[in-house]
Amino acid sequence: MARSYDHREVESAARAKWKKLGLYTTDVTSGEEPYYLLVEFPYPSGDLHIGHWYAFAVTDIYARIRRARGQNVLFPIGFDAFGLPAENAAIRNGLDPKEWTYRNIERMRGQLESMGASFDWSREVITCDPSYYQWTQWLFTKLFEHGLAERRAAPVKWCPKDQTVLANEQVIDGRCERCGTEVEERNLTQWFLRITQYAERLLEGLDSLPWRAEIKDAQRAWIGKSAGAYLDFAISGHGTIRVFTTRPDTVFGATYVVLAPEHPLVGELMPSLTNAQDVSSYVEATKRKTERERSENKEKTGVELKGVTAVNPATKEEIPVFVADYVLGSYGTGAVMAVPAHDERDFDFARKHDLPIKHVVMPVRIDEKNPHVPGKEVVFRTIVMAIVRNPATNRYLVLRTKKPQWTTFVIGGIEEGEDVETAARREILEESGYKNLKLIRILGGPVHSEFFASHKDVNRIAHNTTIYFELENDEAVPLDPEEAAKHEVDWVPFEELTRENLSHAELDIVLQRLATGNDVYTGDGVLVNSGPFDGASNREAMRDIVESIGGERTTNYRLRDWLVSRQRYWGCPIPVVYDPEGEPHAIPAEHLPWLLPTDVDFTPTGKSPLASSEELRTRVARIFGEGWTPEYDTLDTFVDSSWYFLRYLDPRDPDDFSDPKLMKRWLPVDRYSGGSEHTTMHVLYARFFTKALHDLALVPVDEPFEERYNRGLIMGPDGQKMSKSKGNVISPDEVVAEHGADAVRIYLAFIGPYNEPGSYPWQLDGVPSMRRFIERVIAQCDRAAGEVQTEPERRGLARTCAKITEDGDRFKLNTAVASLMTLLNDFERHSPVSKPSMRGYVQLLAPFAPHVAEHLWEQLGGTGSVHGSPWPSYPRELLADAIVTIAVQVNGKRRGEILIAPDATEEQAIEAARAIPGADEALRGGQPRIVYVPGRILNIVV
RNA sequence: GCCGGGGUGGCGAAAUUGGUAGACGCACGGGACUUAAAAUCCCGAGAGAGCCUAAAAACCCUCGUGUGGGUUCAAGUCCCACCCCCGGCACCA
């Protein structure tokens with residue numbers, strides 16, 4: 001008989017006991033099996049939501065499992081406490097951001113404690129506290145001294161509502177990440193951290209990290225490495241334009257050059273232009289557009305720079321120069337060579353502006369039905385293939401040849417001096433007699449195909465250009481009898497133009513061009529129209545082409561330098577002052593922390609509120625002298641969170657940002673758990689900080705996080721994202737008050753695997769069902785009797801203990817909970833269970849339901865705290881079953897099962913299987929093949 | 001569009017990495033207790049046929065892990081093609 005329990009009483013008693021025992025204060029200096037478990041610290045918004053519970057309660061379970069296994073676990077907590085909401089509260093309600101923040105922290109501490117989480121509160125860090133940001137500032141000055149922080153003018157994203165600069169990462173679809181306002185572009189002098197210097201190492205470092213593919217790939221995409229080359233295009237009388245391209249192999253096909261509107265050369269060339277007016281109004285119009293408008297409009301616009309031309313360094317041809325906003329000023333050199341035949345964007349632009357399209361890479365099709373015959377002569381031909389449609393019947397012209405039994409389109413060689421269309425018309429007339437044809441279009445560039453031409457007994461390599469005609473009428477001249485004897489003319493519907501019916505290996509590519517009108521070929525192949533490189537593989541020729549035209553092989557990254565200046569009050573002041581000449585100087589360590597002034601006006605003006613502080617100005621003058629001026633901007637809050645895991649090791653140290661000995665012992669963080677939204681920003685920044693500080697000999701490791709897991713998302717009961725407007729928000733405080741923290745903890749662990757992102761709807765019956773489970777455990781403890789453990793009890797405990805250990809390490813706490821439930825089911829079937837066994841059970845339960853476990857531990861006569869008692873180590877032989885059930889199959893189909901020792905011999909298994917009629921029958925007939933996997937399966941194959 | 005992750009009962013999910021598919025839980029059905037209900041406890045359950053029956057159960061058979069093919073004694077798991085959902089990136093040359 002289960003009884004209800006008063007979770008309030010049990011929880012407060014347990015927490016009081018832990019506090020008295022000081023159970024969760026980690027001694028970081030004792031070196032026994034240190035394990036650093038980190039979870040992203042929260043922003044003190046003032047209210048703990050269910051997502052926080054999911055983040056902290058489930059990781060707490062794992063911290064407790066590790067501790068129970070005898071390890072010294074560091075599981076710290078703190079607050080990422082600088083940020084916009086505090087300032088908004090100040091602007092809107094006239095509150096002091098500091099007071100607002102600390103009040104929220106106070107409130108959230110209480111809520112976090114209601115989880116029963118085993119945080120070591122003595123190591124709490126608060127990023128807005130001067131004792132913390134002093135070291136954020138100090139680290140910034142170190143980066144500055146080593147050239148990793150620099151000040152430069154740059155076009156920056158500006159949010160007109162928040163009156164601040166945004167990092168690229170904070171712009172989502174051209175809108176401010178926070179308030180959704182469309183962002184503008186402004187040119188300001190700003191502080192940057194030079195993360196791009198670490199692009200390659202940030203990329204390489206990923207290779208050896210055991211993270212999930214989706215995390216690594218997201219970071220790789222963010223870094224966006226591409227190998228290519230710089231090529232220089234001479235401009236008539238104006239030096240050169242340097243372009244970046246990943247496809248230098250296509251330079252022979254570059255038919256124009258495009259500059260981004262921001263490109264400095266546009267201004268320089270302006271005086272030489274005959275259409276300077278048009279060009280400058282285009283550039284101005286682009287500037288006025290938001291990022292969003294620019295990318296929304298997929299129609300490619302642009303203006304030719306009339307009066308200047310560029311010279312293609314490969315062909316020496318003069319080609320036009322354009323300015324167009326489909327080229328980004330911020331990537332590569334801000335200029336591209338346009339190869340419309342082999343680049344989708346250039347193709348769109350060329351079509352729109354009627355620019356020449358020159359094909360230089362041919363796709364390759366080898367006819368596997370008709371491959372080259374070794375030893376035969378190889379004959380090369382340039383040919384044309386004509387697709388002719390009769391619009392009246394909607395059928396296509398094919399020839400059925402007799403000698404090799406082929407069905408083909410009209411096909412033939414292009415003769416000296418002939419163009420593609422003339423050759424095609426001639427061949428159509430000769431082979432089919434039709435003469436009134438309307439040219440529709442040429443289907444892209446030539447295709448390189450290889451096949452064996454049996455009628456000529458030669459291996460053929462053909463460069464085949466396909467041309468598409470429609471029949472104007474079916475007037476035809478009679479065929480030459482010799483020609484007519486060779487083949488017969490037929491008309492077939494489109495559906496019959498398949499690889500089965502036609503002999504062209506290049507059919508797929510031709511039909512796709514016909515159907516989609518998209519002639520761009522971006523793949524690899526054989527070069528053509530490329531001078532000395534004709535016939536070579538484009539990949540293999542890449543290096544030589546770059547060399548031959550004096551280009552420079554290089555690598556480009558999508559990653560940009562990290563803009564850290566914010567025109568905000570509630571952030572870490574950038575520790576810099578300017579001398580009378582305006583040169584920046586790092587503030588010396590003795591003046592740190594460089595305090596945030598308090599005499600400021602928060603009203604947004606487009607400038608940092610710090611600029612309104614009289615105290616800051618006089619402070620600078622007093623310390624540095626007359627004429628010296630302060631830096632008014634504050635740091636992006638991502639800077640604060642890029643090193644907090646270092647501070648946790650030595651949070652109160654007044655003389656250093658962390659302790660070198662402790663860093664050596666505890667780093668890297670063993671496991672870091674957080675939200676997938678931080679994969680590309682926070683985690684990348686923290687990795688960058690670690691590498692940079694490692695290079696300055698300040699941090700012993702090169703990578704901060706050994707393991708990184710992104711947790712899933714808790715959805716509302718309706719499967720939708722929780723939001724106040726949808727009315728599907730679950731308030732953890734209410735659920736906890738009703739059912740108790742332990743039930744909520746178990747439910748969150750049980751809801752799904754924690755080692756993968758995903759979304760889990762909140763099931764309303766979920767928490768009560770876990771409560772029921774807890775009450776069944778209580779009932780079982782009440783019933784416990786006797787001091788002698790039975791063998792099955794010990795086996796069950798050993799197995800469950802092993803399962804929790806294994807599943808915990810994979811962060812699959814859902815199946816760990818299931819194993820506890822399974823064991824309880826077993827115990828209930830064999831009730832009563834001995835007291836030592838129930839004590840063992842309560843130990844295994846303790847990480848999941850720490851309060852009630854403490855209560856039961858006392859009730860069962862356990863000494864001290866259950867959380868101070870490491871799990872007993874169960875002998876390995878308890879894990880192996882003496883007898884297992886294995887399936888018996890006949891020809892792979894299950895016919896029954898037998899009970900047998902896991903190490904039984906094949907003979908014993910077969911003997912046992914004779915009891916199963918189907919198996920017995922199979923064993924009797926002839927010589928069955930036996931597949932026996934001990935402990936798993938017996939398969940009889942007849 | 002590109003990259004990544006997925007698709008298993010009514011639902012959340014398991015499956016030792018090729019070896020009894022659906023553990024564990026929710027919801028559901030039946031029963032016990034109760035004057036009754038709630039709570040609790042016991043039993044059942046992927047789908048479908050067959051057999052036995054007054055009806056059921058046991059039992060046995062077939063099908064079954066998005067779709068279609070393949071490899072294998074054996075496929076949720078491996079290979080090929082395709083469909084759908086989720087996440088990231090997206091005019092990055």
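Per chain, numbering begins at 1; letters A, B, ... match sequence-line order.
Distance CD1 (Ile937(A)) to C1' (U20(B)): 7 Å, rounded to an integer number of Å. Rounded to whole angstrom, the span from the CE atom of Met821(A) across to the P atom of G12(B) amounts to 17 Å. Rounded to whole Å, atom C1' of A39(B) lies 19 Å from atom CZ of Phe773(A). In this structure, Glu756(A) places its CD atom 13 Å from C1' of G7(B), rounding to the nearest Å. At whole-Å resolution of the value, OH in Tyr709(A) and P in G5(B) are 16 Å apart. The OH-P distance, from Tyr747(A) to G25(B), rounds to 15 Å in whole Å. Counting to the nearest Å, the P atom of C41(B) and the CZ atom of Phe827(A) are 18 Å from each other. Rounded to whole angstrom, the span from the CG atom of Leu748(A) across to the P atom of G25(B) amounts to 18 Å.
Which of C73(B), A93(B), C26(B) sits closest to the side chain of Leu328(A) comes down to A93(B). Among U62(B), A93(B), C73(B), the nucleotide with an atom closest to any side-chain atom of Arg895(A) is U62(B). Set against C24(B), G88(B), G12(B), the side chain of Pro761(A) has G12(B) as its closest nucleotide. Here the nucleotide nearest the side chain of Asp343(A), chosen from C91(B), G88(B), A93(B), is A93(B). Nearest nucleotide to the side chain of Ala887(A), out of U20(B), G4(B), C11(B): U20(B). Counting only heavy atoms from C-beta on, Lys893(A) has its side chain closest to C63(B) among A14(B), A93(B), C63(B). Closest to the side chain of Asp325(A), out of C91(B), U20(B), G12(B), is C91(B). Between A23(B), C73(B), G4(B), one nucleotide has an atom nearer to the side chain of Ala818(A) than all others, and that is A23(B). Listed nucleotides: A14(B), C11(B), A93(B). Nearest to the side chain of Val327(A): A93(B). Side-chain proximity of Thr246(A) to the nucleotides A93(B), U20(B), G4(B) is greatest for A93(B).
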Run Arg560(A) and Ser330(A) through side chain to side chain donor-acceptor pair (under 3.5 Å) and show every step you take.
CA-CA 8 Å; Arg560(A) 316 285 162 81; Ser330(A) 50; 3.1 Å; yes
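Contact annotation: Arg929(A) side-chain N/O to C73(B) OP1/OP2 distance is under 4.0 Å. For G88(B), the OP1/OP2 oxygens have no side-chain nitrogen or oxygen of Arg220(A) closer than 4.0 Å. Applying the 4.0 Å criterion to OP1 and OP2 of G25(B), one finds that Asn814(A) has every side-chain N and O outside that range. Tyr326(A) has no side-chain polar atom (N or O) that falls below the 4.0 Å cut-off from OP1 or OP2 of A93(B). Look at Ser676(A) and you won't find any side-chain N or O under 4.0 angstrom from OP1 or OP2 of G88(B). Distances shown here put every side-chain N or O of Asn710(A) at or beyond 4.0 Å from the OP1 or OP2 atom of G88(B). Between Lys812(A) and A14(B), a side-chain N or O to OP1/OP2 separation shorter than 4.0 Å is present. Side-chain N/O atoms of Arg772(A) include one lying less than 4.0 angstrom from OP1 or OP2 on U40(B). Residue Arg894(A) places none of its side-chain N or O atoms closer than 4.0 Å to OP1 or OP2 of G19(B).
With hydrogens and angles left out, the side-chain atoms of Thr800(A) and Tyr841(A) include no donor and acceptor closer than 3.5 Å. Under the 3.5 Å distance criterion, with hydrogens and angles disregarded, no donor-acceptor pair is assigned to the side chains of Gln219(A) and Thr679(A). Side-chain polar atoms of Thr196(A) and Asp561(A) form a donor-acceptor pair below 3.5 angstrom. No side-chain N or O of His682(A) forms a donor-acceptor pair with one of Glu40(A) less than 3.5 Å apart.
Annotated as syn: G9(B), whose glycosidic dihedral is within 90° of 0. U16(B) has its base anti relative to the sugar, with a glycosidic angle deviating from 0 by more than 90°.
A salt bridge does not link Glu738(A) with Arg771(A): none of the charged nitrogens is closer than 4.0 Å to a carboxylate oxygen. Between Lys812(A) and Glu806(A) there is no salt bridge, since no side-chain nitrogen of the basic residue lies less than 4.0 Å from a carboxylate oxygen of the acidic one. Electrostatic pairing of Asp348(A) and Arg351(A) does not count as a salt bridge here, judged by no charged N lying under 4.0 Å from a carboxylate O. Using a 4.0 Å cut-off between a side-chain N of Lys or Arg and a carboxylate O of Asp or Glu, Asp508(A) and Arg513(A) do not qualify as a salt bridge.
Taking atom C1' in both G9(B) and A81(B), one finds a spacing of 28 Å when rounded to whole Å. Between U8(B) and A23(B), the distance separating the two C1' atoms is 13 Å to the nearest Å. C26(B) and A14(B) are spaced 15 Å apart, taking the C1' atom of each and rounding to whole Å. Rounded to whole Å, the separation between the C1' atoms of C33(B) and G25(B) comes to 25 Å. Taking atom C1' on both nucleotides, C80(B) is separated from C59(B) by 42 Å, rounded to a whole Å. For the C1' atoms, the distance from C42(B) to G46(B) is 23 Å, rounded to whole Å. Taking atom C1' in both A90(B) and A13(B), one finds a spacing of 34 Å when rounded to whole Å. For the C1' atom pair drawn from G19(B) and G76(B), the interatomic distance equals 13 Å after rounding to whole Å.
Checked by distance alone, Arg936(A) brings a side-chain donor or acceptor within 3.5 Å of a matching partner on the base of U16(B). Not a single donor-acceptor pair, N or O on each side, falls under 3.5 Å between the base of C26(B) and the side chain of Asp765(A).
Within the 4.0 angstrom heavy-atom criterion, only backbone atoms of the sugar-phosphate kind lie near Val941(A); the bases stay farther away. Within the 4.0 angstrom heavy-atom criterion, only backbone atoms of the sugar-phosphate kind lie near Tyr760(A); the bases stay farther away.
Under a cutoff of 6.0 Å and an axis angle of 45°, Lys300(A) and Phe349(A) do not form a cation-pi pair.
Phe750(A) and Phe848(A) have their aromatic ring centers separated by at least 6.0 angstrom.
Helical stems involving RNA chain B, defined as 3 or more consecutive Watson-Crick or G-U pairs under 3.5 Å, span B:1-7 with B:83-89, B:10-12 with B:24-26, B:28-32 with B:40-44, B:46-48 with B:61-63, B:66-70 with B:78-82.
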